[in-house]
Amino acid sequence: MSFKKSLKAKRVMSGFELLDVDNVCERYSRYIDGLTEGDTGFRLTCCAEASPYARCFALFGFHLLCKKDKLENGADRWASVIREDLDRVRHERTTAGVDLAFDKPYLQLLAFSLSAMAILNKLDRDPLADHVLPILSKDIEADLLQAGAFHGVAGSGNQAMFMAVLLLHARDWLGIDDDDRISRWQALHLKAINMFGFWGDVRSMSHLQFQNGYHQYEIFHYLRSDLPLWDKVADHVASLADHEGHFAPYPGGGGCYDYDAIFLITGASDASIGKHRDLLMRTAETIIKEQNPDGGFC
């Protein structure tokens, strides 16, 4: 579902018709255009160097803004450099002696690249099989335990999500019969879930819990898992908001914290959206207010 369509779908409950979202989108579009470097490069900020990560984020931005013509016109050249950069990063990381199956820089770029290739409609031509197949998890429980996923160790949510993304990609694009491993991933997480709906032996809700556990909820959402506790999860996350509607554990907010929190609140149910409508509107108004003059964000 496109960004504008999703807004319309929730307009009555969220009150987004009161916000100048079209102006926000237009300014953000100009910001991305201003970060281009050459024919295929992008920077994350005006003063940064071009990087493969920035390119993926630029493509995500174009997709969010429904820039279909722009994506179609650049699809071939962007898909080519996505593959080249991914090959280069793999070579650099293996040369450094890291285990790619647990290497966040490589796995993050691989996951971003899969999404970008899907946006460009190029996965049928190059599903990146040589990157995915060698690092597919064979022992789900052992790998999740190694990552500390069931104890809520920082970064373990990322690793758990990477594992699931690769299994799902292998199933859907590479013809790998790994449904048993995907089901095992779900069952193990649900068995270890704590009273707040996340992972770890804790007695109170924390920012670490929801930002770490958000990654597994993305997979649950994709799989349409039955999670009757999600509304309670939304309540726990909402309790951490500050007076501006930010969700970071420090003043001024943080993009990742806000994104993760809003996903967990709105992903629960329409009832959750209605219950936390005022908070969601406050967050939206704050983020719009904080858009920089150049169209980027803090």
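Note that this is a predicted model, so its numbers are computed, not measured.
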Notebook entry, point to check: Can you list the residues that meet the side chain to side chain contact (heavy atoms under 4.5 Å, CB included) rule with Leu229, with sequence neighbours excluded?
Noted result: Ile193, Tyr217, Leu227, Val233
Notebook entry, point to check: Is it true that a side-chain atom of His169 and a backbone atom of Pro127 form a donor plus acceptor pair closer than 3.5 Å?
Noted result: yes
Next item on the list: Examine Val153 and Phe150 and state if one hydrophobic cluster contains both, with Ile, Leu, Val, Met, Phe, Trp and Tyr joined whenever side-chain heavy atoms are less than 4.5 Å apart.
Entry: no
Check: Are Gln209 and Asn194 close enough that a side-chain donor and a side-chain acceptor fall under 3.5 Å?
Finding: yes
Check: So, Asn212 and Ser156: side-chain donor and acceptor under 3.5 Å apart, yes or no?
Finding: yes
Checklist line | Distance-only side-chain donor-acceptor flag, Glu218 / Tyr214, under 3.5 Å | finding: yes
Check: Are Val165 and Leu110 side-chain neighbours, meaning at least one heavy-atom pair lies under 4.5 Å?
Finding: no
Note to self: So, using side-chain hydrogen bond (donor to acceptor under 3.5 Å, both in side chains) as the criterion, who are the partners of Asn292 when residues are at least two apart?
What the structure shows: none
Notebook entry, point to check: Charged N to carboxylate O below 4.0 Å: is that the case for Arg88 and Glu92?
Noted result: yes
Note to self: Could you report the tightest heavy-atom contact between Arg181 and Ser137, atom names first, then the distance?
What the structure shows: NH1-O, 2.8 Å
Checklist line | Heavy-atom closest contact (Ala248 atom, Asp258 atom, distance) | finding: N-OD1, 4.4 Å
Check: In chain order, what residues pass the side-chain hydrogen bond (donor to acceptor under 3.5 Å, both in side chains) check against Lys122, with sequence neighbours excluded?
Finding: Asp76
Check: In Å, rounded to the nearest 0.5 Å, how long is the span from CH2 of Trp78 to OG1 of Thr40?
Finding: 9.5 Å
Margin query: Please enumerate all residues that pass side-chain hydrogen bond (donor to acceptor under 3.5 Å, both in side chains) together with Asp178, with sequence neighbours excluded.
Written below: none
Check: In terms of side-chain geometry, is the basic nitrogen of Arg83 or Asp126 positioned less than 4.0 Å from the acidic oxygen of its partner?
Finding: yes
Next item on the list: Report the distance from atom CG of Leu120 to atom OG of Ser80, rounding to the nearest 0.5 Å.
Entry: 11.5 Å
Notebook entry, point to check: Do Glu290 and His246 have side-chain N/O donor and acceptor atoms under 3.5 Å apart?
Noted result: yes
Check: Given Ile288 and Phe297, is the side-chain contact (heavy atoms from CB on, under 4.5 Å) satisfied, shown in steps?
Finding: CA-CA 9 Å; Ile288 289 175; Phe297 290 86; over 6 Å; no
Item checked: Stepwise salt bridge (charged side-chain N to carboxylate O under 4.0 Å, His left out) check, Asp87 with Arg90 -> CA-CA 5 Å; Asp87 289 346; Arg90 176 175 60 184; 3.5 Å; yes
Next item on the list: Give the ring-plane orientation class for Trp199 versus His189, where under 30° counts as parallel, over 60° as perpendicular and anything between as tilted.
Entry: perpendicular
Check: Does Thr94 use its side chain to pair, donor to acceptor, with the backbone of His91 at less than 3.5 Å?
Finding: yes
Next item on the list: Report yes or no: do Ile82 and Leu100 belong to one cluster of Ile/Leu/Val/Met/Phe/Trp/Tyr joined by side chain heavy-atom distances under 4.5 Å?
Entry: yes
Check: Less than 4.0 Å between a side-chain N and a carboxylate O, is that true for Arg77 and Asp39?
Finding: no
Margin query: Parallel, tilted or perpendicular: which one describes the rings of Phe210 and His207, with boundaries at 30° and 60°?
Written below: tilted
Next item on the list: Output yes when Arg43 and Glu49 qualify as a salt bridge under the 4.0 Å nitrogen-oxygen rule, no when they do not.
Entry: no
Margin query: Quiz question: by atom type and distance under 3.5 Å, do the side chains of His276 and Asp235 form a donor-acceptor pair?
Written below: yes
Checklist line | Heavy-atom side-chain contact between Ile135 and Phe162 under 4.5 Å | finding: no
Note to self: For Asp179, I'd like to know if atom CG has over 12 heavy atoms of other residues, nucleotides or ligands within 6.0 Å.
What the structure shows: yes
Note to self: Please report the interatomic distance CG(Leu71) to CG(Asn73), rounded to the nearest 0.5 Å.
What the structure shows: 9.0 Å
Notebook entry, point to check: Taking it one step at a time, do Arg55 and Asp85 satisfy side-chain contact (heavy atoms from CB on, under 4.5 Å)?
Noted result: CA-CA 10 Å; Arg55 181 189 301 110; Asp85 279 340; 2.8 Å; yes
Next item on the list: May I ask whether Leu107 and Phe102 are part of the same hydrophobic cluster, defined by side-chain heavy atoms of I, L, V, M, F, W, Y residues being less than 4.5 angstrom apart, directly or through others?
Entry: no
Next item on the list: State yes or no: are the ring centers of Phe112 and Phe57 separated by less than 6.0 Å?
Entry: yes
Next item on the list: Determine, using ring centers only, whether His236 and Phe198 are less than 6.0 Å apart.
Entry: no
Notebook entry, point to check: Who passes side chain to side chain contact (heavy atoms under 4.5 Å, CB included) against Ser269, sequence neighbours left out?
Noted result: Asp231, Ala271, Ser272
Checklist line | Leu208 with Tyr257, same ILVMFWY side-chain cluster at under 4.5 Å | finding: no
Notebook entry, point to check: Does Arg282 pair with Glu244 as a salt bridge, N-O distance under 4.0 Å?
Noted result: no
Notebook entry, point to check: Say you draw a straight line from CG of Leu279 to CE of Met281; how long is it, rounded to the nearest 0.5 Å?
Noted result: 11.0 Å
Notebook entry, point to check: Would you say Ser29's side chain and Cys25's backbone share a donor-acceptor pair under 3.5 angstrom?
Noted result: no
Next item on the list: State, to 0.1 Å, how close Leu167 and Ile182 come at their nearest heavy-atom pair, and which atoms those are.
Entry: CB-CG1, 3.9 Å
Check: What are the two closest heavy atoms between Tyr53 and Pro105, and how far apart are they?
Finding: OH-O, 2.8 Å
Check: Between Val237 and Asp260, is any pair of side-chain heavy atoms under 4.5 Å apart?
Finding: no
Check: Out of Asp69, Leu64, Leu65, which residue meets the side-chain contact (heavy atoms from CB on, under 4.5 Å) rule with Lys67?
Finding: Leu65
Item checked: Flag, side chain of Gln291 to backbone of Gly295, donor-acceptor distance under 3.5 Å -> yes
Note to self: Could you report the tightest heavy-atom contact between Phe60 and Ala116, atom names first, then the distance?
What the structure shows: CE2-N, 3.8 Å
Notebook entry, point to check: Are Lys70 and Phe62 in a cation-pi setup, meaning NZ or CZ lies under 6.0 angstrom from the ring centre and within 45 degrees of the ring axis?
Noted result: yes
Margin query: With side-chain contact (heavy atoms from CB on, under 4.5 Å) as the criterion, how do Tyr259 and Gln211 come out once you've worked through the C-alpha distance, each side chain's angles and the decisive distance to 0.1 Å?
Written below: CA-CA 9 Å; Tyr259 182 93; Gln211 195 194 32; over 6 Å; no
Check: Tell me, which pairs form a ring-ring contact (aromatic ring centres under 6.0 Å, His included) where one or both residues lie in residues 113-139, sequence neighbours left out?
Finding: Tyr106-His131
Notebook entry, point to check: Are the side chains of Ser113 and Cys56 in touch, meaning some heavy atoms are under 4.5 Å apart?
Noted result: yes
Item checked: Check against side-chain contact (heavy atoms from CB on, under 4.5 Å), Phe196 and Lys232 -> CA-CA 7 Å; Phe196 299 104; Lys232 291 296 183 183; over 6 Å; no
Item checked: Nearest-0.5 Å distance that lies between atom CD in Glu141 and atom CH2 in Trp185 -> 14.0 Å
Next item on the list: Any chance you could measure Leu35, atom CG, to Arg30, atom CZ, to the nearest 0.5 Å?
Entry: 13.0 Å
Note to self: Does any part of the side chain of Arg171, heavy atoms only, come nearer than 4.5 Å to the side chain of Asp177, both counted from C-beta?
What the structure shows: no
Note to self: Counting only heavy atoms from other residues, nucleotides and ligands, does the tally under 6.0 Å from CG of Asp99 exceed 12?
What the structure shows: yes
Notebook entry, point to check: Do you know the tightest heavy-atom contact between Asp294 and Gly296?
Noted result: OD1-N, 2.9 Å
